[in-house]
Each structure stands twice: as C-alpha cells, then as structure tokens.
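Every chain is numbered from 1, with letters handed out A, B, ... down the list of sequences.
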Amino acid sequence: MTSCDYPNFKTHFSGLLEQAARAIISADTVLRIELTRTKQASHGDYSCNLAMQLAKSLHKNPREVAGLLIAALPASPHLEKVEVAGAGFINLFLTHAAKQQCVYQVLQGKAAYGHGGFGQGKKIQVEFVSANPTGPLHVGHGRGAAYGASLANVLSAAGFNVSREFYVNDAGRQMDILTLSTWLRYLELNDIHIPFPQNAYQGSYVRTMAQLIFQAHTNRYVHQPALLLDGLPAQVLETVVSTDEHLDILIANAKKILGQDYAYFHNFVLTEQLGDCRNDLMEFGVEFDVWFSEQSLYDNGAVARTMQLLEDKKYLYEQDGAIWFRSTDFGDEKDRVVQRENGQFTYFASDIAYHLNKFERGFDQVINIWGADHHGYIPRVKGALQALELDPSKLEIALVQFAVLYRDGKKAPMSTRSGEFVTLRELREEVGKDAARFFYVMRKSDQHLDFDLDLAKSQSNENPVYYVQYAHARVCSVLAQWDGQVDELNSADTTILTNPLELALLQKLIDFPDTVEMAAREYSPHLIAFYLRELASEFHSYYNSTRFLVAEIPLQNARLALIAAIRQVLINGLTLLGVNAPDKM
RNA sequence: GUGCCCGUAGCUCAAUCGGAUAGAGCACCAGCCUUCUAAGCUGGGGGUUACAGGUUCGAUUCCUGUCGGGCACGCCA
C-alpha cells in the first residue's frame, strides 16, 4: 500500500465533511472544520461539531443538520460508520482495516513516520538559551534549552525549515563586570587585595579563570592596581555594599590601567565561558546552527545603521543627555533609552539591530524563546519592528517560566551573581541527560515548573522517562528472543489484530503524526511527552495481557509487527525530545 | 500602585483556537511474577475546575468583579 492510498484520516474526513457542508450551505459561508479524537470508544474514533456550528445560520436544530451532513457525506473506504450523537456531534468510525494498515506505514516509514508537511518548508528560526556568557548555565537555562531544542525538532518534523540560533551577548556591561571580577581575583592571587564588590561575579568559576591566567602569566597583568580606586568615595573601602556607579568606575579604571591587556582579559573570559556553555549544551543534546555575536552588530555598523533608520523616521529624540526611542507610539508604557548619556548604546539598541538582521535573513517566522521575566520587554521590541515597518506578527515570543528548585522540600535559592545556584551540568550529572530533558518538557512551557531535586536525583522509577524507555526496552527484548528480522514483519497479516487493546494501540499509532503537527502548531512539545506516556501505558497493558511469542506463526507475526511499530514510534517521539531509547534497562 | 501570567484530586500537572461523564502520574488501599524484563499490570477511593456574576445549545476555556500566588515595571542584560 502506498501513502496516497493511506491518507491522514483527520485531513481525509475533514475534506469529506467540507464537501458535505458545501452541499447544504451557501458558497460564501466560512467553514472551520474541527475534527477531534474522541475520548470514548462508543463515540467512534473522530468527532466533529460542524452541525452545531451551522445550526444557527441554517435555523435548524443541530441533530437535524448533522443528519443532512451525513446524508451528503461522500463515501470513503476507510469509514466503517457515521453516527449522530449527543447534542449533534457527528461521530466517525474507522474501519479495522484502516487501523491495521497503519502498522505497515510505521514499519516502512521508520524514522520518518510522524513527519508531515504542515510547515510547507517555510523558513523558521528558533532563537533560544542566548544566556550571557558570564557564568555556567543553571537549571533555568536548562528549561529554555530543553524546550527550544525539542520545539525545533518538532517544527522540523512538521515540515518547517528550521534554523537554531544562540545570540551571544558578548558586547555588554555584564561582560565588563565579569572581566573586572576576573582581574580582581587574579590580583588576589598576586597578593593584591582590593575589596571585591558585592555585585560583581562571586562564583568560584571566576577564581578558576583567574587561576588559569595566573598559572600561565604569573604577575604579567598586575600593572598599577592602586589606580583602580581612583574616583571612588573613601567609604567604599570600608563597606561591602556597592553600587552600579561603583562598578562602572572600577570598569573604567580597569580599562585605563590595563590598556591593550583589558582586551586579553575580556577575550579570555568570553572564550572560556562560551566554550563551557557550548560543551554543556552539546552534552545536553542541544546544538545550534548559528552562534550570533552581538559584538558583530557593532563591528559591522549594523547598530549605527539601525539607529539612523529610526532617526530618519523620527522615532528618536534626545533628553537628559540620552537618546530615546518613542516606543510609546506603539503601546509601550514609556519610551526607552537606546543610547546612554555616556555614549554607550543600550542592550535594546543592539537588539533592535539584531531583529532587523533576523528579518533581513528572510525567515517566514521568527521565534524567540525568553525567560518569562522578560515579558515586559516584548512591547518595545515589537514596537521597534513596527517603527522599521516590519511585520511584528512574524515574531513570536515564547515565554518559558523559570524552573523553581526544591531541595529538602524547600525552595533552593538561585542567583547567578551570588554564586548560589544549581548548574545545568550538576543536574545532568546527577539525574542524567534523558531524565532532565524529559522532565523539563513534561510541563507546558509557560507554566511554572516545580523541580524537586531530591526526586530528580533519586534515580527511581518515579522519573517518567524510565516508563517510556522501559516500554522500548521490553519490545527490544521480545524481538531479540524472536529469531527473525524486523523487515519480515512487513508481510505480517495484521487483520488478525482485532481485540480492543490492539485496536486502541493501532489508533494511537495513527495519532502520532497528528500529535506532532499539533505540537508544532501550538509550539507545545509537551504534547509529545504526554503522547509517549500514553503510548507506553497502552503498550505495558498489552504486554501484561498478551503473549507475543506464540506457536501460531501468523498471530505471532501480527503481534510482533504491532510492537515493532510501537517501538518505532517510541523512538521517533523520544528523538524529538532528545531522549535516548536504550535496548536494555 | 500599574501591567502581564497563573489558580483544576492530598501533591505535581493535562484537557486539541468553547464540546459529550474534567483526565494522568505520585501518594493511599486491595490484588497479580515456575510463562517474552514487576523500572510492569489490574481494581478502588478521591472534584462546586479559587469565589461571585455574565455571554450561549454548551464554559476549566471567553468577558466583568473579588480573593490568592508569580513576574515585570533600569541610561542592566
């Protein structure tokens, strides 16, 4: 059987219902055919509420409309029967043959089963993580990484041409603070002790970087540290409290004192942190097509050009020595500074240039995955796009709530600056990549995630990923004990598969491509995780109720074909989530 | 204070742009291994979907208000 003989049933039945509807309504009526999978077997396999939608405009009751629609419904070889039920639902029943043939679709489709053409090859960019390279990734970044990577996989499977991008904030003040922090720690190693500002980077990795530089260069970068405190009020030496101004003075002094060597420190810490980040993500199964440098937007003049564009369109003005963008023209609460009094561009300025650059690259859709704490930033970015006469609807911003950590039943503190945080690397080492990846996408991304570290570390069966992986391992075990090749199962007679458990499993396999499409449409990879749990659950029930390796060869082959197909779909789904499917557990 | 998000079983969460009797997991109770992996299965109890109104054939979903929680309100990124 070829794929054109075997349709997507949702699409197939939607088409039939549309034809039926056209026969009883006027041509200009807008139709929205909604076909949903039923929850109860007695309601058939697919259900449609079209009759209820049309009842009002036709001045007939919904059940009567449903009757008319069914009467006008073209015949289909895949349709066992159609019924009117409840308030006017049209319930469609698939033939057993249609379900049974799905096994061949899966076994022949292999890794491609579930992939579809919903995306029509459109170019879509997913930008995610984009963490400041100022320290290790923590578990909050981990969620964005897991969500973004899974979403990108899902979109790709659904037929989009996906580009995964990491925006490297290598130009900002935070990098200067990290550079300063590292130099201060380096000076300490040379027995020069300058009070370490409270709001500088406290993490031990800063000392580690200082150590590396010290080991390679001893006191080469000591210079004149006494000048570092120039311009600082005397009392800062007496107190640990430090302000932004304090840091800015230290940074400016450090640049002056170090001269060319400042660039060495800056480059060293950037390279070190970015490399660490990249390795961390790679080990987490998260890879990017593009690492986009913020600094490059300054180096190639993009920021200046973008500011000039806004200036030409009269969206910029000067006040209090700074340059402001009129974001209130586009619904923002207040106008925003793009160039500070000291001449420095803000993060927002380069971000406008970055988004202009994204649009110039010709994506049909751009998705930014941000931590939910950045939601207030959305209106100004969308406003900037409008100011540049770009279509804001092409930019989708998916907010990911931070994971809230619990340790010993209490919230664990998480702050990059204070150094009190659980890193993504620690999490991976403790619970494993698979559990972490699955755990992260078990919840809808815009919901808070309570991450119980003790539970996640427990390596017990409470980790839901084991349940799905175990189903896969069980199929592998059975097939290993059978002395045949899976390819032989393509000729199995699946019409023997008629018990309710088997029919439900067959329907579940049919659902997979629809689930992938839905996950892509809704930017919701968690649907894949839920689907996999359900498929695994139905398989485990089947496993416990039915013996596969039986004497009757046709029956055995039919059952083995089914579980081989289940295994394939488990693999395909787990792959979308970046989770391994081990043969043995 | 203003804006955005959220409130579903004891706990953590689903519920396909408004659909049929609101579903899972964990926890709890009772069962199932001389048979392909018990990291499994079967059965059971558990709900006024925060609260009060509104919209309609139908509301966990949309609107208004109240209460409770989170986040954001920088010339940080």
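With a 3.5 Å ceiling on both atom-pair distances, the Watson-Crick or G-U wobble partner of C28(B) is G44(B). Under the Watson-Crick and G-U wobble criteria, each requiring two contacts below 3.5 Å, nucleotide U2(B) is paired to A72(B). G58(B) is unpaired under the Watson-Crick or G-U wobble criterion, no partner having all donor-acceptor distances under 3.5 Å. Base-pair partner of U8(B): not found among the strands shown (Watson-Crick or G-U wobble, both distances under 3.5 Å).
Taking every side-chain heavy atom of Lys444(A) into account, A15(B) is the closest of C76(B), A15(B), G3(B).
Using a 4.0 Å heavy-atom cutoff across all strands shown, His448(A) reaches sugar-phosphate atoms only and no base atom. Heavy atoms of Ser541(A) sit under 4.0 angstrom from primed sugar atoms or phosphate atoms, though from no base atom. In this structure, His374(A) reaches the bases: a heavy-atom distance under 4.0 Å links it to at least one base atom across the strands shown.
If Phe89(A) and Lys334(A) are placed on RNA chain B by their nearest nucleotide, the residue sitting closer to the 5' end is Phe89(A).
Judged by distance alone with a 3.5 Å cut-off, no donor-acceptor contact links the side chain of Thr346(A) to the base of A77(B).
Distance CZ (Arg336(A)) to P (A72(B)): 14 Å, rounded to an integer number of Å. We find that CG of Asp446(A) is positioned 10 Å from P of C5(B), with the value rounded to whole Å.
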